[in-house]
Each structure stands twice: as C-alpha cells, then as structure tokens.
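First comes the structure, then the notes that go with it.
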Amino acid sequence: MLGKLSLSALPLDQPIPLIAGAAVVVVLLGVIGWIVFAGHLPYLWKEWITSVDHKRIGVMYVVLGLVMLIRGFSDVVLMRSQQAVAYKSPGFLPPEHYDQIFTAHGTIMIFFGAMPFIIGLMNFVVPLQLGVRDVAFPTLNSVSFWLTATGALLVNMSLVIGEFARTGWWPSPPLSEVTYSPGVGVDYYLWAIQIAGIGTLMSGINLTTTILKMRAPGMSYLRMPMFCWTALASNLLIVAAFPILTATLAMLTLDRYLGFHFFTDERGGNSMMFMNLFWAWGHPEVYILALPGYGVFSEVISTFSSKPLFAYRSMVAATMAILVLSFMVWLHHFFTMGPGGDVNGIFGVTSMIIAVPTGVKVFDWMFTMYGGRVRFTTPMLWSLGFVVTFVVGGATGVLLAVPPADFVLHNSLFLVAHFHNVMVSAVIFAGFAGYGYWFPKAFGFKLHEGWGKAAFWFSVTGFVAVFAPLYVVGLLGMTRRMQHYDVPEWRPWVLAASAGVIVMAIGVVCQIVQLVVSIRRREELRDVTGDPWDGRSLEWATASPPPAFNFAVLPEVHGEEAYWGVKQAARDQRRLREEPSYEAVEMPLNSATGVICAFFATLVGFAMIWHIWWMAGLGLLGAFATFVIFAWRDRVEYEIPAETVARFDRANRATRAEALASLRRRAA
Amino acid sequence: MDPGRHGRRGRIGRGWRILGRVAAVSAAGLALSGCTGILAPRGPVGGAERTILFDSIAIMLAIIVPTMIGTLAFAWWYRESNTKATYRPDWAYSGRIELVVWSVPLLTIIFLGGIAWVGSHDLDPAKPLASDKKPVVVQVVSLDWKWLFIYPEQHIATVNQLVIPVGTPVDFSLTSSSVWNSFFITQLGSMIYTMKGMTSRLNLQADHEGTYHGLSTHFSGDGFPDMQFETRAVSPDAFQAWVAEAQGGGGQGGGGQTLDDRLYRDLTKQSVADAPKTYHAVADGLFERVVSGKLPPGPGPNAPTGGTPPDVTPKGGTM
Amino acid sequence: MSDATANAPIALRPRPDPNHLGHTGNREGSRAPGRGTGGPAPKRIVVGYGFWVFILSDIIMFAALFAAYAVLRGGTADGPSGRDIFDLDTVAIETGCLLLSSFVCGLATLALSARRALLFQAAMAGTFLLGAGFLALEMREFAGLLARGDGPDRSAFLSSFFTLVGCHGLHVAAGLLWLLTMMAQVLTKGFRADILRRTMCFALFWHALDIIWVAVFTIVYLMGVL
C-alpha cells in the first residue's frame with residue numbers, strides 16, 4: 001500500500017537530522033498557521049499563489065531562491081565545522097550524513113538557490129524592459145514556478161522522510177546505481193530535479209518566445225537592453241541543454257527502477273556515457289546561470305556610471321559567442337580519465353577560448369565606468385566586487401583548462417575554490433546586485449543602503465576568507481568531499497576557511513536585517529518617481545510598483561536605451577510627451593492551475609520515490625484533469641477599463657513632470 | 001585617451017612588477033615550506049606539471065592584476081564627487097579600445113593554448129617516460145574502500161601500500177572493482193581515474209626516496225576519505241629486498257597468503273581503513289579478469305561487510 | 001536621441017486587440033511580425049512559435065536518446081542484436097500507419113480552417129485509429145520481446161532500444177490523449193480562437209512525432225538490420 005515507506009523512514013535515532021527536520025517542520029507549520037489564522041490566506045491566494053502576473057511570479061521565484069540559498073548556506077556551516085574538527089578524528093557528522101550534506105548543498109545551491117534567483121530576476125525584468133505587459137504564456141509561467149517549488153519541497157522533504165543522495169550533486173554511476181546506492185536518496189534527487197527541470201524548461205521556452213516575439217513597437221534586437229540579450233542567451237541554453245539532463249536522468253531512473261543497463265557497466269552499460277551526457281548539460285548550465293548575471297552587471301554598471309554601456313554590440317557578440325562555445329567545452333571534465341593528448345589538447349583550447357568573450361566583457365564594463373559619474377550604491381558595490389573577484393575565478397578556470405595543470409588539480413579544493421569563485425561572484429553577487437537594483441521597482445521603496453553595504457563588505461570579505469585558503473589547500477593536495485583527514489599541513493588552511501564562513505554568516509545576517517529594516521522604514525525609503533536610479537531602460541518608465549498591465553500604452557522605442565532617450569527629449573524640450581489616448585487593457589485571469597499541478601507533481605514525485613505506484617497514477621490523472629479543466633475555461637481574460645488605465649498614467653506622468661520641474665529648478 | 005595617462009600607466013606597471021615579485025616569492029615560500037602537495041614534486045612528471053602551473057599562473061596574473069587595479073582605479077577616479085574627472089555621458093564606443101580589448105585575451109589564450117596543446121601531449125599519462133631503465137609494472141584496482149596493487153612481474157600484491165624503486169619509471173594499469181575513483185600520488189604528479197570495465201594507463205617516477213601521500217580524489221561513497229595509501233619510494237636495492245621479503249611471506253601485513261579469486265572476492269566487500277597487507281603470491285591474470293568482468297564487481301552495501309573469515313566460500317562458489 | 005524622437009506621434013492604431021492578448025484570436029494582416037517593428041506578435045504567432053521551441057527541445061531530448069542508442073548499440077552482452085529481433089514487415093506497417101495518420105491529421109487541420117465540424121471530427125477519429133494501430137503494433141513487438149526474455153534488462157542495447165522507441169511510443173500515447181481532448185473541446189466549445197490555436201499545436205506535435213519516427217525507423221530498424 002505504501003511501497004517502501006514505513007515509520008523507519010523517519011530519522012528517530014539520529015538526533016541532528018531529527019532536530020533540524022523537526023525545527024523546519026515546526027517553523028513551516030507555524031508560518032502556515034499564522035497565515036491562516038491571521039486571515040492572510042485569501043490575500044496570498046488571490047494576489048500571489050494563483051497570480052499569473054510575471055512580476056509576482058518573479059518575486060516568488062526570488063523569494064524561493066533566497067530561502068534556498070539560506071538552506072544551502074546552513075549546509076556550508078555544517079560542512080566547514082565538520083572539517084574543522086575532523087582532523088584525525090571522525091568529527092560530529094558520520095559519513096552517511098556528511099555525504100548527504102555536501103550533495104544537498106550542491107543540488108540546492110544550483111537548482112533551487114541560483115536558478116530560481118536568476119529566473120526570478122529575468123521573469124520580473126524582461127517583460128518590463130521589453131515594454132510589454134506580460135510574458136508569452138502567463139499561466140505556463142505560474143506552472144513553471146510551482147514545479148520548481150515542488151522540486152525544492154521534495155529535496156527538503158528528504159531531510160525528514162528517508163534520506164538524500166550520498167553521491168555528490170552529479171550522481172555519477174556506478175555509485176548512483178541501485179547496487180551501490182540502494183536507498184531512496186538518489187531517487188529523491190532524480191525526481192526533484194526532473195520535476196523542477198520540467199519547470200525550468202517551460203520557463204526557458206516562455207522567456208525565449210517572449211523575447212523573440214513580444215517586444216514593444218520599435219524594439220528591434222539591437223535596441224534590447226543588455227540584460228534582455230543575456231536572458232535570451234540563457235533561455236536558449238535552457239531550451240537546448242535541459243532536455244539532455246531530462247533524458248540522462250530518465251535513463252538513470254530506468255536503471256534504478258527497472259533494471260536497465262545504461263550506466264551499470266554491466267551487460268554493455270557504460271558509465272562514461274552518463275558523464276558525457278551530464279556535462280553536455282552541466283557546462284552550459286554554468287552559463288545559463290552566469291550570463292544573466294553578466295546582464296545584471298551591465299545594467300547596474302551603466303546606470304550607476306550614468307553612461308551607456310561601452311561597446312554594446314561587442315557585448316552582444318560576446319554573449320552570443322559564449323552561448324555557442326558553452327557547448328564545446330564539456331570534455332574538460334574528463335582530462336584525468338585518460339582520453340589522450342589530442343582530445344585533451346583540443347578541449348583544453350576550446351575551454352580557454354571561452355575566456356576571450358568573457359574577458360572582453362570585463363574590459364567593456366571597465367570602460368563603461370571610464371568617463372562616467374560613478375555612484376557607489378550597494379548594487380554598484382556588488383558589481384565592482386564581482387569584477388575584482390571574478391577575474392581571479394576566471395584566471396584559475398583558464399589554469400584548470402591547461403590539461404597538465406588539471407592533472408594535479410582536478411577534484412582538489414583548488415577546483416572547488418575556482419568554481420565557487422566564478423559561480424558566487426557571477427551568480428550570487430549578480431543576484432544581490434539585481435535584487436537591490438530592482439527592489440524599488442517591485443515594491444516602491446528602496447532597500448536600506450547602510451545594511452546593504454554592511455552585507456556586501458562582510459560577504460565579500462568572508463568569501464575571500466573562505467576561498468583563498470581553499471585554493472592553497474588544494475595546491476597542498478587536499479581533495480574535495482573529505483569527511484575527515486589526517487594530513488597536518490592541511491589543517492591551518494581548513495580552519496582559516498571555517499573562520500571565513502563566520503564572516504560570511506555575518507553577511508547573511510546583514511542581508512536579512514537589511515530587508516527587515518527596509519520594510520519597517522519603508523515610508524522614508526519610499527520612491528515615488530518610479531525611477532530612483534536615473535535609469536536608462538523601459539522598466540523605469542512606469543510606476544513603482546508597476547500596475548498589473550505594466551504600461552498604460554505600449555512605449556514606442558526609437559533607439560538604444562529607450563527610456564533614456566525619452567528622458568533626454570523631455571529635458572531638452574522641457575515637457576513630457578503629449579498624453580496618449582487610453583484604451584482598455586485585457587489581462588489574463590488568475591489561475592490555480594500552477595499550484596494544483598504542483599500539488600499533483602509532488603504526489604507523483606513522492607509516490608515514485610517510495611514506490612507507491614497507485615499514488616503516482618492518481619497524481620498523473622489529477623495533473624491531466626487540471627489541464628483539461630484549465631482548457632475548458634470560457635473566460636480567460638479580464639478587462640481593465642480605459643479610465644483606470646488613464647488614472648494610473650496621469651498619476652505617473654504627474655510624478656515625472658514633478659521630477660522634470662525639480663531638475664530644472666536644480667539646474668537654475 | 002589623453003597622452004598624460006602613459007606616465008601613470010608606467011607607474012602602475014612598476015607597482016605591478018613589485019607585486020608580482022611578492023607573489024612569486026610567497027608562492028616559492030609555500031612550495032619550500034610545504035613538504036606535501038603538488039607544489040613540492042618529487043618526480044619528473046610532477047615537476048613538469050608544476051612548471052606549467054607556475055608559468056600559467058604568471059601569465060594569468062599579468063592580465064588580471066592590471067584589470068583589477070584598472071577597474072578599481074576607474075571606479076574611484078570617476079566617482080560622482082570627483083569634480084576633476086571629465087564626464088563623457090555619450091562616450092560608448094572606441095574602435096581602438098575594442099581592438100585591444102579583443103586582442104589581449106585572444107593573444108593570451110593563443111599563448112596559453114600552445115602550452116596546453118604541447119603539455120597535454122608531453123605529459124599524457126599514458127605516454128611512457130624516457131628512461132634507460134626498464135619500468136616496474138604495477139596494476140592497480142580500486143576497491144570499496146581500499147587500493148589493491150599487483151606487481152605481476154614479481155607475482156606479489158599489496159593492499160593500501162605502494163612500494164616503488166627510486167629513479168625507475170613505474171608503469172601503472174588501473175581499473176576499478178566497483179565505483180569510480182581517481183588514483184593520485186600528490187607529489188609524483190598526474191592523477192588518473194579508475195573505472196570499472198576499463199583500463200587506464202599512467203606513468204610516474206619518483207626521483208627521491210621518501211614516503212608520499214596517495215589518495216583517491218573522486219568521491220566513491222561513505223568510505224572515501226579512508227581511501228588513502230602510503231607510497232614508499234626506496235632505493236632499487238631496497239626495492240629488491242622488499243620484493244624478496246614479500247615473496248617470502250613477509251612485509252607489512254604479510255601472512256603468506258596467495259591472492260586468488262576467492263580472496264579477491266572477499267576484498268571486494270566494503271570495508272574502511274584497512275591496514276596494509278602483503279600477499280606473497282598472486283593468481284595469474286587476476287587484473288585481466290577484473291577488467292573483463294569475469295570476476296564479479298564489488299557487491300556494494302547490501303553484502304555483509306568486513307570481518308568475513310577467509311575460509312567461508314562466498315555464495316555461488318569459486319570460479 | 002534626436003528631436004524627431006520626442007516629436008514622433010505616439011502611434012495608436014485603432015485595433016480590436018491593441019495588446020495582442022488574443023481575445024480576437026486569428027488576426028489577419030497584423031503589422032507585427034515579432035521582429036520588434038510593430039510591437040508584440042499576434043497571439044497565434046506567439047503560441048505557434050512557443051510550441052515550435054518546445055518541439056525543438058523535445059527533439060534535443062530525443063537526440064540524447066539517439067546518442068545513447070548509438071553508444072550502446074554494440075553492448076548486446078551476448079544477447080540478441082538488432083538483426084535478430086527486428087521484424088521489418090511489422091515496422092513497415094507501423095510506419096505506414098503513422099505517416100498516414102499524419103496525412104489524415106492534415107485533413108483535420110484543413111477541415112478546421114474550413115470550419116467543418118463533422119469532417120474535422122471524422123479526420124481526427126481517423127488519426128486516432130491510425131495512431132492507436134501504430135501503438136498496438138509497437139506494444140505487440142515489445143510484448144513479444146519480453147516474452148522471449150529479451151526485455152530491457154537483458155542488455156544495454158535492449159535498454160537503449162526500449163527507451164528510445166518506448167519514449168516515442170509514450171509521446172504517441174500522450175498525443176492520442178491530447179487528440180481525444182481536442183475532439184471533445186471542439187465538440188463542446190466549437191471553433192473558438194484558443195481551441196484553434198491548441199489544435200494547431202496538436203498538429204505540429206503530431207507531425208513532429210512523424211519526423212522523429214522517420215529517424216527511429218532509419219537509424220534503429222533499417223541500420224539495425226543492415
């Protein structure tokens with residue numbers, strides 16, 4: 001009836017996961033209880049859970065990402081403290097827990113921390129920057145988000161019910177095959193990633209279509225803001241790479257569930273094929289995350305330097321070059337598997353070539369500041385911190401692309417430090433830069449600068465303090481994923497890295513405090529202009545927060561930096577454009593399809609993990625029924641009357657007129 | 001760009017040279033002080049790899065340090081409050097800068113690409129080392145979770161200890177009995193993966209006597225951190241003496257056992273932190289039978305682990 | 001930015017669907033091709049385009065399965081190889097069923113454009129029967145292999161064969177379910193704009209399955225027997 005599930009799945013005999021799991025469950029129940037009893041549920045349901053508004057979904061993605069980043073960071077604290085004490089001693093985490101923790105850390109950070117954070121920013125910003133009202137498929141967008149949330153839920157369920165994978169975040173066979181990993185851990189991984197992956201794929205299709213087919217009149221490709229270009233590249237990569245992951249994980253699932261022989265190394269199976277397929281997705285994935293990050297920095301550096309982006313077309317070319325090259329480097333994960341001099345040489349060189357467009361980007365950011373008026377706001381600090389730290393990560397990356405260097409550094413903590421160096425600065429720094437930059441757009445008030453700067457300095461200092469020692473200890477031959485070690489030379493560096501985590505943790509706390517303080521002082525941080533940073537692209541043309549329909553009238557675009565042009569014209573002519581004639585706007589209705597679908601997906605995932613076949617069938621049936629009911633709706637849109645649109649736009653124009661007047665007063 | 005900037009750049013260049021020297025000195029210090037790791041190689045392979053590593057680091061530093069300084073300098077000089085800086089609100093393109101911006105990374109990569117191409121051929125792990133001495137052949141099997149070393153020419157085998165003669169190339173053939181591992185002696189250079197059903201090749205040599213740390217670098221399950229072994233590089237004479245001792249049933253953990261298929265099966269069962277062992281003889285073709293799958297793979301966690309008395313015949317009988 | 005920019009009249013073409021959200025559905029003669037000149041493309045273009053992108057991603061997934069098949073083809077582990085198990089006659093009939101069903105599906109699309117409900121339903125029913133026939137033959141082939149002990153756990157070659165062909169079969173099965181849903185929708189709701197778009201997507205999907213089958217037929221069956 002319940003498959004493999006029984007009471008023994010609960011960690012009743014293991015205090016650490018039991019307490020951690022129980023605490024999470026209690027907090028979660030507390031939050032849900034508070035929402036229900038304080039009467040917030042109808043609001044949440046109507047305005048957020050069933051919303052198909054890209055801005056709301058974007059915000060929910062970012063919230064999911066932030067929560068999961070904290071979850072992943074708590075794994076860091078555990079791992080670093082284990083390694084701090086596990087010198088010639090077993091430490092406090094036995095291998096079966098330690099192995100779950102580093103697997104969960106990688107999985108959560110990549111799939112449920114970084115991905116939702118970046119996708120959330122793209123979701124929120126891209127339609128606004130393109131000057132349109134929503135993404136191409138608003139309801140599908142909601143389904144995508146809720147499927148991602150399902151994946152996150154399943155991964156976290158494994159904390160309390162059963163176990164998580166103990167294979168590392170890429171579950172390489174034969175270790176991940178049922179012979180060597182008989183528990184449900186790998187199954188949790190597989191179903192969580194598979195379900196979230198479908199959400200990501202659909203989100204990629206959605207945003208690709210949005211960027212290619214839905215842009216404001218006059219917004220030709222070479223007038224799109226840089227962030228939209230990088231979002232386009234990232235989503236094209238999602239569309240091209242995620243299906244490979246889906247197929248690969250499906251093969252591993254068949255191996256585990258039905259005794260297939262794809263990767264077993266028996267009866268003709270081939271574990272090497274898993275690695276090839278996995279990294280054919282895995283390396284583009286790096287750029288799926290990093291490219292939108294580059295886009296955020298382009299926007300932030302240009303805005304806060306009060307200058308256009310230097311060499312925009314060159315940046316576009318570099319972005320697209322990275323898109324293509326990212327598929328040609330996966331073999332550098334196999335330098336140490338003995339493929340021979342020619343193969344190693346070729347893929348060493350292709351891996352390095354990717355540094356060329358990336359290097360161009362760095363120089364172009366540098367020259368964007370040249371001749372500018374640089375304002376050191378928190379997002380700008382994150383961007384500068386990114387450039388300075390990222391070049392180190394890039395350089396060590398090129399270093400690892402030299403096969404003989406990789407022969408001694410592969411799998412070492414040097415490698416770990418390298419990819420954290422690039423991923424944290426290109427993705428997490430970008431995420432926080434974007435978070436601070438677009439927060440006032442989303443909520444109508446700025447984030448507190450003081451706490452933001454504190455968060456930046458502690459995070460960057462902590463980041464350097466963690467990873468500089470890891471580079472060194474990697475050179476001393478320490479390899480990754482060690483639950484304990486006996487080499488005395490490694491000890492001081494490991495301790496130094498652990499100390500760095502404390503500094504980083506202070507940064508995390510500052511980040512949380514910043515949000516709380518900003519919400520409490522929102523009236524003094526309020527931005528009424530809708531354009532708090534003197535922005536250059538269209539998202540700043542509308543009010544903050546934007547109305548459901550984003551723009552009263554779709555903006556006409558006449559050049560690069562669409563909104564900057566409008567502002568310049570207004571300044572030159574000392575007046576706003578004439579008031580347009582307003583028309584009613586149709587917007588898609590809310591839909592519970594996404595969340596209900598996610599409910600059934602959770603059911604299917606959980607049932608498959610525990611071999612409860614009837615429940616899986618029920619879940620699939622439910623999901624199909626949900627789609628049929630969605631398809632049967634007669635009303636899919638609601639109309640916002642022209643008067644409402646006009647009232648909104650007149651108010652927005654009034655603030656712009658006021659801003660123009662104050663500008664003139666200041667000039668005079 | 002105005003001509004006045006050249007002088008400033010010259011100063012930055014000097015500063016950078018000093019910084020580079022500091023970096024080089026500290027790197028060298030690290031190499032000398034550490035008696036472990038890849039910065040203190042004890043063989044030709046590791047030595048060549050360290051040279052490539054240092055060369056590449058130097059080339060990369062020559063690019064990234066000016067970039068870091070330039071970024072911070074631009075940001076600081078063009079800060080909003082600096083009235084001396086010229087604001088160029090529409091300056092967003094310069095063909096000359098673009099040319100430099102694309103060619104600097106491109107030239108660097110062409111240069112480094114050459115190093116990579118030549119290096120991956122010269123240091124290909126499968127390539128035999130140039131030497132007038134006949135290499136010692138060692139077959140390596142990674143087991144859950146220990147290392148088995150077979151010396152086919154000496155007909156002996158060891159677990160978790162590797163003894164090699166100094167100044168003589170060692171020709172490794174490697175495979176795995178179950179999950180993947182990666183064989184690495186940090187001070188001798190070049191790691192290589194061990195994979196079930198496949199044979200990988202590695203050639204190393206130790207130039208100095210000593211005990212070196214060997215480990216697996218690819219995560220292989222709960223017992224992974226204990227997949228460590230000592231590599232003792234001894235003089236050729238001492239090596240001969242050790243072989244003779246082992247053949248006579250001595251050596252570390254020696255008990256006069258012959259490593260045959262049955263004992264090998266016992267070895268494949270999961271166990272952690274096994275004490276070093278020496279077998280005075282090995283069944284012929286054992287390694288080949290492991291690679292070809294004629295000997296069963298490691299049974300994984302579902303088999304009873306550890307402590308099986310050697311007289312118990314595993315289920316299914318011997319082959 | 002020139003002065004012309006600021007003076008340019010804000011173009012507001014009086015349209016029944018100014019925001020292209022598609023409540024009027026199929027808008028002929030739109031000036032918005034989606035290249036950024038006339039604003040967002042009409043809903044029909046957006047939906048079709050998005051679905052094409054999905055089909056491309058699906059084809060990439062199949063490409064991964066084809067790659068796995070190519071790698072594992074020789075991994076028969078002393079079991080049967082393609083030559084031993086493929087029956088080209090059955091496969092030829094399967095192929096005929098599927099290609100014909102695509103043709104009939106095309107007729108259904110024509111009937112839809114002509115708004116002829118009865119013809120549409122008949123053609124869709126024909127498509128269904130041919131698709132179901134294909135699926136039945138495939139399942140018979142699979143059942144035969146399983147009965148002989150040549151299931152997917154026999155060898156890596158059979159694993160990849162069952163997965164690749166089975167995944168296509170699963171797509172056909174999902175397509176049949178979708179087809180029935182579309183028939184029911186047209187029956188109850190008539191030729192509504194959103195239903196027309198969905199039927200267009202279904203037709204795209206069905207034809208794409210044909211393309212994939214042609215590859216399966218060539219690479220798996222023909223090259224397997226040769």
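Just so you know, these numbers use all the heavy atoms, side chains as well, and skip hydrogens, waters and symmetry mates. Chain letters run A, B, ... following the sequence lines, proteins first and then strands; every chain starts at 1.
Chain B forms more heavy-atom pairs under 4.5 Å with one residue of A:Val343, A:Asn344, A:Asn411, A:Ile301 than with any other, namely A:Asn411. Taking A:Asp406, A:Val362, A:Asp486, A:Thr167 one by one and counting their heavy-atom pairs under 4.5 Å with chain B, the maximum is reached by A:Thr167. For chain A, the option among B:Ser56, B:Ser190, B:Gly119 with the highest count of heavy-atom pairs below 4.5 Å is B:Ser190. Your options are A:Phe335, A:Tyr485, A:Phe363, A:Phe390, and the one with the most heavy-atom pairs under 4.5 Å with chain B is A:Phe363. Counting heavy-atom pairs closer than 4.5 Å to chain A, the top-ranked of the candidates B:Ile38, B:Ile110, B:Leu53 is B:Ile38. Comparing B:Thr86, B:Thr67, B:Thr186 by how many heavy-atom pairs each has under 4.5 Å with chain A, the most go to B:Thr67. Ranked by non-hydrogen atom pairs under 4.5 Å with chain B, the options A:Leu384, A:Val391, A:Val349 are led by A:Val391. The candidate from A:Val473, A:Asp364, A:Thr396, A:Thr389 with the greatest count of non-hydrogen atom pairs under 4.5 Å with chain B is A:Asp364. Highest contact tally toward chain A, considering only B:Ser94, B:Pro105, B:Ala48, is held by B:Pro105 [criterion: heavy-atom pairs under 4.5 Å]. Among B:Ser81, B:Ser176, B:Ser178, B:Ala85, the residue making the largest number of heavy-atom pairs under 4.5 Å with chain A is B:Ser178. No other option in B:Tyr93, B:Trp76, B:Trp102, B:Phe184 has as many heavy-atom pairs under 4.5 Å with chain A as B:Trp102. Contact count versus chain B (heavy atoms, under 4.5 Å) is highest, among A:Ser306, A:Ala405, A:Pro94, A:Gly168, for A:Ser306.
A donor and an acceptor atom, one from each side chain of B:Trp180 and A:Ser271, are located under 3.5 Å apart. Side chains of A:Trp365 and B:Thr71: a donor-acceptor N/O pair is absent below 3.5 angstrom, by distance only. Counting only N and O atoms by type, the side chains of B:His121 and A:Asp342 include a donor and acceptor under 3.5 Å apart.
Listed here is the closest heavy atom pair of B:Leu112 and A:Met352: O-CE, 3.7 Å. The two residues B:Met198 and A:Asp265 come nearest to each other via the heavy atoms CE-OD1, 4.5 Å. The nearest pair of heavy atoms linking B:Glu49 to A:Val408 is OE1-CG1, 3.2 Å. Considering all non-hydrogen atoms of both residues, A:Tyr180 and B:Pro297 come closest at OH-CB, 3.8 Å. Smallest separation of non-hydrogen atoms from A:Arg480 and B:Phe224: O-CE2, 3.4 Å. Looking at every heavy atom in both residues, A:Gly371 comes nearest to B:Tyr87 through O-CD1, 3.4 Å.
Of the two parts of B:Ala126, neither the backbone nor the side chain holds a non-hydrogen atom closer than 4.5 Å to a non-hydrogen atom of chain A. Looking at A:Pro339, there are no atoms closer than 4.5 Å to chain B (heavy atoms on both sides), in backbone or side chain. Residue B:His213 touches chain A through its side chain alone, counting heavy-atom pairs closer than 4.5 Å. In this structure, chain B has a heavy atom under 4.5 Å from the side chain of A:Ser172, while its backbone stays farther away. The contact between B:Ile57 and chain A is made by backbone and side chain atoms together, counting heavy-atom distances below 4.5 Å. Only the side chain of B:Met195 comes within contact range of chain A, with heavy atoms under 4.5 Å apart. With a 4.5 Å cut-off on non-hydrogen atoms, A:Val360 touches chain B through its backbone and its side chain both. With a 4.5 angstrom heavy-atom cutoff, A:Glu266 touches chain B only via side-chain atoms. Interface remark: B:Leu215 contributes side-chain atoms only to the contact with chain A (heavy atom separation under 4.5 Å). For a residue to count as touching a neighbouring chain, one of its non-hydrogen atoms must lie under 4.5 Å from one of that chain's; by this rule B:Asp144 touches chain A with the side chain only. Proximity to chain B is limited to the backbone of A:Ser305, based on heavy atoms less than 4.5 angstrom apart. Looking at A:Ser383, there are no atoms closer than 4.5 Å to chain B (heavy atoms on both sides), in backbone or side chain.
A donor-acceptor pair under 3.5 Å is formed between the side chain of A:Lys307 and the backbone N or O of B:Trp91. Put simply, the side chain of A:Tyr312 never gets that close to the backbone of B:Ala92: no donor and acceptor are under 3.5 Å apart.
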>> Applying side-chain contact (heavy atoms from CB on, under 4.5 Å) to B:Val45 and A:Phe407, what does each step give before you reach the verdict?
In response: CA-CA 10 Å; B:Val45 177; A:Phe407 290 162; over 6 Å; no
> Can you check side-chain contact (heavy atoms from CB on, under 4.5 Å) on A:Met366 and B:Val101, steps first, answer last?
Replying inline: CA-CA 10 Å; A:Met366 220 169 108; B:Val101 151; over 6 Å; no
> Stepwise, does the side-chain contact (heavy atoms from CB on, under 4.5 Å) test hold for A:Phe304 with B:Glu80?
Replying inline: CA-CA 9 Å; A:Phe304 292 113; B:Glu80 196 178 23; over 6 Å; no
>> For a side-chain contact (heavy atoms from CB on, under 4.5 Å) check, start with the C-alpha distance between A:His484 and B:Asp226, then their side-chain angles and the critical distance, and finish with the verdict.
In response: CA-CA 8 Å; A:His484 63 265; B:Asp226 287 307; 2.9 Å; yes
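Within the 4.5 Å cutoff, the side chain of B:Pro225 has no heavy atoms near those of the A:Pro95 side chain.
Rounded to the nearest 0.5 Å, atoms CD1 (B:Ile109) and OG1 (A:Thr350) are 11.0 Å apart. For the atom pair CD (B:Gln228) and CE (A:Met482), the distance works out to 4.5 Å, reported to the nearest 0.5 Å. Interatomic distance, CG of A:Leu415 versus OG1 of B:Thr217, reported as 10.0 Å (0.5 Å rounding). Between A:Met272 atom CE and B:Tyr193 atom OH the span is 9.0 Å, to the nearest 0.5 Å. Between the CG atom of B:Asp55 and the CG atom of A:Leu399 there is a distance of 10.5 Å, given to the nearest 0.5 Å. Atom NZ of residue B:Lys196 and atom CG of residue A:Asn270 lie 11.5 Å apart, to the nearest 0.5 angstrom.
Of the candidates A:Thr103, A:Thr479, A:Asp99, B:Phe219 forms a side-chain contact (heavy atoms from CB on, under 4.5 Å) with just one, namely A:Asp99.
Within a 6.0 Å radius of CD in B:Glu98, other residues, nucleotides and ligands contribute more than 12 heavy atoms.
In summary, the aromatic rings of A:Phe367 and B:Phe74 are positioned with their centroids under 6.0 Å apart.
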